[in-house]
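Inspection log for the structure reproduced underneath, given as structure tokens.
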Amino acid sequence: MLDVKLLRENLSSVQKEIARRGIELSLGEFENLDRRRREYLKEVEELRHQKKTISEQIGKLVRDGEKVVEGKKEQVHSLDEKIKSLEVDLKEVEDSLNNFLLTIPNIPHSSVATGKGEEDNPEVKRWGKLPEFSFKAKNHWEIGQELDILDFERGTKIAGSGFTLYKGLGARMEMALISFMLELHTREHKYLEVLPPFIVNRDSMIGTGQLPKFEEDLYKIEEQSYYLIPTAEVPVTNIHRDEILERAELPKYYVSYTPCFRREAGAHGKDTRGIIRQHQFNKVELVKFTAPDDSYRELETLLEDAEDVLKRLELSYRVVSLCSGDLGFSAAKTYDIEAWLPGQNAFREISSCSNFEDFQARRAGIRYREKTKDKPRFVHTLNGSGLAIGRTVVAILENYQQEDGSVIIPPALRPYMGGVERINKQ
RNA sequence: GGAGAGGUACCGAAGUGGUCAUAACGGGCCCGACUCGAAAUCGGGUAGAGGGCUAAUAACUCUCACGUGGGUUCGAAUCCCACCCUCUCCGCCA
């Protein structure tokens, strides 16, 4: 959520910034709602003040033994009527305004390139040498099926399309990657591991920006208005919802493994084969809470922490900076890490690292005090995949495939796989 | 799920219809005094949100805020209803 005051005072420049996303903000609607809200509020507060004053007078009179207070009670009654009707109007305007504010995306950072979509994302860096094969590189789903470690038919039978059954060393590799990443980030990058609920309430979803706008992307448990998390970002960022942190506590680093559930509404027909796009997938997520001045420096180190996973697995990748049109709703700036997939002859997203500045913090009420007596200020929140597990499996299968159909396990991962060095055909 | 108890500031806790919610009392924390320094002691300070007025994130002022939302009443932390959460016991259960 954007600051109402910022919006009020710099309406046209905010509008211009948001326009870079290809979204047009309605100035008139905001100005009208904001103005009416303040008018109603002022009036209601004035009437409440009058009411309070008279009630206090009645209290005094009664205590002094005065009995003739009916006239005063009448005054309060008539004030009450006015107040109640104004409150209805006020609530209506406040709800509209609030809903309007909750659906405005974050302002792109000044370093974000203006562009329409994926094709306009500037490449920031590249790492590693692209592997060369003396044979035709296969897709991960071919490799996975031939090794009998990925079973798409069974996944579909059990749940539906977009769900996969991992078997044998496939399942083992998925779990090994989770352990490997958690250990790397906790031991070497100093993140605190947390294992949160995978189901959250509506307030948490609003806090990080999934709701109210993107309900159709989420799995909902109707009976209780609970939602399955689409990313660990949601429960982990909401750890500190409605809290005031101490300056000395910042920055806070969390790392969390969770499964992620996404309906992928509107993505039909994309990546239908394989495990690139699933309704359920595993992810290790990095989340940071920082002081505002530090957040962009912290974004760079967050990115490096995520990159480190690929470096250790010796997988080639590149980093792109999302352009204004490709930026997510809540993000001010995002780097995507794209791993090289020989089977697809393309770089594909394997991590997304974002700075949300105070956008989520304002929604979720996450604040800190610069000094003991200062007014609380909003923290900045950041997060990034470190990494998406399923896509890492894809990258390993495709990059480490051998001519005989086997797949070599990257050395860094072997300790987490009981020393297995290679997955062979049975 | 059943029965009971309870949710008040950073923590504990008083307040059970009015002039004590910038909320008694105790603790913590911050500043100061004392001290070579510290402890002890003494003094002072310690919530939030949204408006109005402003150049102002200053001063002043108003409203809201006692788990959440309603209701009763001239007036609610206090009475009533619903819901949420915590604790104890019982039941069920991986």
Side-chain angles (χ1 to χ4, degrees), chain A residues 1-10 30-102 195-207 221-227 235 238-250 291-293 358 361-379:
Chain A
M1 190 156 57
L2 300 180
D3 185 356
V4 190
K5 283 179 187 152
L6 175 82
L7 216 49
R8 198 179 288 153
E9 285 155 24
N10 306 291
F30 171 76
E31 278 179 324
N32 181 36
L33 287 171
D34 183 51
R35 182 178 43 74
R36 279 170 61 207
R37 172 177 167 269
R38 282 186 288 166
E39 282 168 5
Y40 283 135
L41 191 59
K42 191 178 169 184
E43 211 171 332
V44 166
E45 288 185 352
E46 169 61 28
L47 292 174
R48 277 186 194 145
H49 179 58
Q50 287 179 27
K51 179 180 162 180
K52 261 178 96 159
T53 309
I54 297 173
S55 287
E56 275 165 26
Q57 286 172 5
I58 293 174
K60 272 192 187 124
L61 290 173
V62 168
R63 226 167 314 105
D64 294 346
E66 183 66 58
K67 289 192 177 117
V68 190
V69 291
E70 290 310 315
K72 297 233 177 247
K73 288 192 186 181
E74 272 312 309
Q75 283 182 40
V76 175
H77 276 304
S78 77
L79 279 173
D80 236 12
E81 272 177 41
K82 284 188 208 161
I83 291 172
K84 282 201 169 133
S85 102
L86 270 172
E87 277 174 344
V88 172
D89 296 336
L90 176 63
K91 177 139 198 329
E92 195 184 307
V93 171
E94 274 185 335
D95 287 350
S96 308
L97 181 65
N98 207 13
N99 200 54
F100 180 76
L101 290 172
L102 285 174
L195 185 62
F198 304 156
I199 290 175
V200 300
N201 59 33
R202 204 178 155 78
D203 286 343
S204 292
M205 285 294 185
I206 289 173
I221 297 168
E222 287 290 345
E223 292 74 16
Q224 308 182 70
S225 290
Y226 282 164
Y227 296 84
N238 277 283
I239 287 174
H240 295 298
R241 172 152 52 86
D242 295 324
E243 288 185 15
I244 300 176
L245 306 170
E246 308 266 347
R247 179 63 180 84
E249 296 178 73
L250 301 176
D293 291 343
D358 64 5
R362 181 171 290 107
R363 287 174 162 244
I366 310 169
R367 298 174 290 172
Y368 80 104
R369 270 184 241 273
E370 190 62 46
K371 294 198 196 80
T372 313
K373 289 188 182 171
D374 283 359
K375 278 213 160 242
R377 301 172 63 192
F378 291 111
V379 302

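- Comparing B:A76 with B:G17, their C1' atoms are spaced 6 Å from each other, to the whole Å.
- Sequence order on RNA chain B of the closest nucleotides to A:Arg38 and A:Glu9 puts A:Arg38 first from the 5' end.
- In the set B:G50, B:C64, B:A49, the nucleotide with an atom closest to the side chain of A:Glu45 is B:G50.
- The nucleotide whose nearest atom lies closest to any side-chain atom of A:Arg367 is, among B:G52, B:G18, B:A49, B:A49.
- Spacing of P atoms, B:G70 relative to B:G45, comes out at 37 Å, to the nearest Å.
- Between the C1' atom of B:G48 and the CD atom of A:Glu243 lies a distance of 15 Å, rounded to the nearest Å.
- When the C1' atom is compared between B:C25 and B:C31, the two are found 23 Å apart, to the nearest whole Å.
- You'll find that the side chain of A:Arg369 is closest to B:A47, out of B:A47, B:G52, B:G75.
- Counting only heavy atoms from C-beta outward, the side chains of A:Leu7 and A:Leu101 approach each other to under 4.5 Å.
- The side chain of A:His49 places no N or O atom within less than 4.0 Å of a non-bridging phosphate oxygen (OP1 or OP2) of B:C62.
- If you take CD of A:Glu39 and P of B:C62, they are 22 Å apart, rounded to a whole angstrom.
- Nucleotide B:U63 is matched to B:A49 when pairs are restricted to Watson-Crick or G-U wobble geometry with both distances under 3.5 angstrom.
- Comparing the C1' positions of B:C34 and B:U16 gives an interatomic distance of 45 Å, to the nearest angstrom.
- Across all strands shown, B:A38 remains unpaired; no Watson-Crick or G-U wobble contact has both distances below 3.5 Å.
- Per the geometry, CZ belonging to A:Arg202 stands 17 Å off P belonging to B:C84, to the nearest Å.
- Residue A:Lys375 has no polar side-chain atom (N or O) positioned under 4.0 Å from OP1 or OP2 of B:A47.
- Counting heavy atoms from C-beta on, the side chains of A:Phe30 and A:Val4 come closer than 4.5 Å.
- At least one side-chain nitrogen or oxygen of A:Lys51 sits closer than 4.0 Å to the OP1 or OP2 atom of B:G75.
- Remark: C1' of B:G52 and CZ of A:Arg37 are 12 Å apart, rounded to the nearest angstrom.
- The CG-P distance, from A:Leu79 to B:G75, rounds to 11 Å in whole Å.
- Comparing the C1' positions of B:C81 and B:U22 gives an interatomic distance of 32 Å, to the nearest angstrom.
- Each of A:Arg37, A:Arg35, A:Arg36, A:Lys42 was compared with A:Glu39 under the salt bridge (Lys or Arg N to Asp or Glu O under 4.0 Å) criterion, and only A:Arg35 meets it.
- Between the CG atom of A:Asp242 and the C1' atom of B:A49 there is a distance of 12 Å, given to the nearest Å.
- B:G51 atom C1' lies 16 Å from atom CZ of A:Arg35, rounded to whole Å.
- A:Glu87 and A:Arg48 are joined by a salt bridge, as a carboxylate oxygen and a charged side-chain nitrogen come within less than 4.0 angstrom of each other.
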*Criterion side-chain contact (heavy atoms from CB on, under 4.5 Å) on A:Arg8 and A:Arg38, from CA distance to verdict*: CA-CA 12 Å; A:Arg8 198 179 288 153; A:Arg38 282 186 288 166; 3.5 Å; yes
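- Residue A:Arg362 is out of contact with every strand shown, counting any heavy-atom pair closer than 4.0 Å.
- Proximity of A:Tyr368 to A:Arg377: side-chain heavy atoms (C-beta onward) are separated by under 4.5 Å at one or more points.
- Separation of the P atoms belonging to B:G48 and B:C10 is 9 Å when rounded to the nearest angstrom.
- In textbook terms, a nucleotide whose glycosidic angle is within 90° of 0 is syn, while B:C81, being further out, is anti.
- For B:G69, the paired nucleotide is B:C81, the pair qualifying as Watson-Crick or G-U wobble because both relevant distances are below 3.5 Å.
- Look at B:G4: its Watson-Crick or wobble partner, with both distances under 3.5 angstrom, is B:C87.
- Between the side chains of A:Asn201 and A:Ser204, at least one donor N or O sits under 3.5 Å from an acceptor N or O.
- For A:Lys52, whose side chain is taken as the heavy atoms from C-beta onward, the closest listed nucleotide among B:U63, B:G48, B:G18 is B:U63.
- The shortest side-chain heavy-atom distance between A:Val200 and A:Asn238 does not fall under the 4.5 Å cut-off.
- Contact annotation for A:Leu41: backbone-only contact, meaning every heavy-atom pair under 4.0 Å involves sugar-phosphate atoms and none involves a base.
- For B:C62, the OP1/OP2 oxygens have no side-chain nitrogen or oxygen of A:Arg48 closer than 4.0 Å.
- Between A:Glu56 and A:Gln50, it is A:Glu56 whose nearest contact on RNA chain B lies nearer the 5' terminus.
- The CD-P distance, from A:Glu46 to B:C64, rounds to 12 Å in whole Å.
- Across all strands shown, B:G12 is found opposite B:C25 as a Watson-Crick or G-U wobble partner, with both distances under 3.5 Å.
- Look at the P atom in both B:A82 and B:U19: the space between them is 29 Å, to the nearest Å.
- Nucleotides B:G12 and B:G7 place their P atoms 11 Å apart, quoted to the nearest Å.
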